[in-house]
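Here is the structure we will look at.
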2 protein chains.
Amino acid sequence: MKLRRDPFQAIADPTRRAILVLLAAQTMTAGAIADNFATARPTISKHMQILSECELIEASQQGREIFYQLRADKMKDIDQWLGQFRKIWESRFDQLDNILSNLQTKKDEA
Amino acid sequence: MKLRRDPFQAIADPTRRAILVLLAAQTMTAGAIADNFATARPTISKHMQILSECELIEASQQGREIFYQLRADKMKDIDQWLGQFRKIWESRFDQLDNILSNLQTKKDEA
DNA sequence: TATATTTGTAGCCAAATAGCTACATAATCA
DNA sequence: TGATTATGTAGCTATTTGGCTACAAATATA
């Protein structure tokens, strides 16, 4: 196992996912972000570091505060990987599944 | 840290992502999948287990062979989470970024 | 300037992860 | 039936991970 630091590994952790969701609403300081979690502040700080390394967020210092901002465009990398499968789950095979389960539903209702 | 077994953790590993991509093209036996990797077969077997637990793939035994099939619909879970950010990266803020970089490009070309 | 505030860093730890080899199990084939 | 094939399981290991406490550094405030 070698050290990985890619967006897929970054969003594997639920705390980091929650941080990204927080930052989707607004830019926040390190402290404000940490206040949303029971986890110790240095632990959150480490998460911010990981997210920064993946360029999923961006830090900008203002005085003694550091504001973190989401870089949603980087999430596109994940989105693009998912794209390979999108055509499959939107395909007629899935649609056939839907037809079958609709028929089932109608049978249940009858 | 507690044991997590969700699709986000599942796709964090590059080998597992490669397995999913393989299965996007066609259903394959455990052996055929393992043949695509330098990794030992039992290791791949463990990956299959993890993907199965997350319901990203489905196993069906046929004789002594086990065929694995992608369950693309489960990938929608990840897609839906990403959806929260999609509106951001498609927003006017990103478009503004594009306008600015286009202007920059034009300046460079001039 | 002394104190408080905001944040990161160092160093430690338990648990999880991905990997391996050896072995078990079950289904074909000769 | 005995050998071969396909696959999973057991058990071990090194590395990574997420978490914590204590400390350092830098900026603001009294």
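The chains referred to below are lettered A, B, ... by the order of the sequence lines, with proteins before strands, and numbering in each begins at 1.
Among the atoms of the strands shown, only primed sugar atoms or phosphate atoms (P, OP1, OP2) are found under 4.0 Å from some heavy atom of A/Tyr68. At the heavy-atom level, B/Gln9 lies under 4.0 Å from the strands shown only through sugar-phosphate atoms. Within the nucleic acid shown, B/Phe37 has no heavy atom closer than 4.0 Å to any nucleic acid atom.
The side chain of A/Arg41 places no N or O atom within less than 4.0 Å of a non-bridging phosphate oxygen (OP1 or OP2) of C/dT9. OP1 or OP2 of D/dT17 has not a single side-chain nitrogen or oxygen of A/His47 nearer than 4.0 Å. In this model, the phosphate group of D/dG18 is not approached by any side-chain N or O of A/Thr43 to a distance below 4.0 Å at OP1 or OP2. Taking only side-chain nitrogens and oxygens, B/Thr29 never comes nearer than 4.0 Å to OP1 or OP2 of D/dA6. Between A/Ser45 and C/dG8, a side-chain N or O to OP1/OP2 separation shorter than 4.0 Å is present. Look at B/Gln49 and you'll find a side-chain N or O under 4.0 angstrom from OP1 or OP2 of D/dT9.
The nearest whole Å value for the distance from the CD1 atom in A/Ile57 to the P atom in C/dT7 is 13 Å. Distance, A/Ile44 CD1 to C/dG8 C1': 14 Å, rounded to whole Å. Rounded to an integer number of Å, the gap from CZ of A/Arg5 to P of D/dT15 is 17 Å. Between A/Glu65 atom CD and C/dT5 atom P the separation is 13 Å, expressed in whole Å. Whole-Å rounding puts the B/Phe8 CZ to C/dT17 P distance at 16 Å. Distance A/Glu53 CD to D/dT16 P: 14 Å, rounded to the nearest Å. Rounded to whole Å, the distance from CD1 on B/Ile50 to C1' on C/dA18 is 8 Å. Going from atom CD1 of A/Ile19 over to atom C1' of D/dG19 covers 13 Å, rounded to whole Å.
Closest to the B/Pro42 side chain, of the nucleotides D/dT9, C/dT7, C/dA10, is D/dT9. Residue B/Arg16 has its side chain nearest to C/dA18 when only D/dT17, C/dG8, C/dA18 are considered. The side chain of A/Ala30 lies closest to C/dT7, out of C/dT17, C/dC20, C/dT7.
Side-chain N or O atoms of B/Arg71 include none that pairs as donor or acceptor with a backbone N or O of B/Glu58 at under 3.5 Å. Distance alone, capped at 3.5 Å, is enough to place a donor-acceptor pair between the B/Arg17 side chain and the B/Ile11 backbone. Without hydrogens or angle criteria, A/Gln80 side chain to A/Asp77 main chain gives no donor-acceptor distance under 3.5 Å. The backbone N or O of B/Met48 sits less than 3.5 Å from a side-chain atom of B/Ser52, completing a donor-acceptor pair.
Along DNA chain D, the nucleotide closest to A/Gln61 and the one closest to A/Ala40 are compared, and the more 5′ of them pairs with A/Ala40.
You won't find any donor-acceptor pair under 3.5 Å spanning the side chain of B/Lys46 and the base of D/dG8, going by distance alone. Not a single donor-acceptor contact under 3.5 angstrom links the side-chain atoms of A/Arg64 to the base of C/dT7.
When all heavy atoms are compared, the tightest approach of A/Phe85 to B/Ala24 is CE2-CB, 3.6 Å. The shortest heavy-atom contact between A/Lys87 and A/Gln84 is NZ-O, 2.8 Å.
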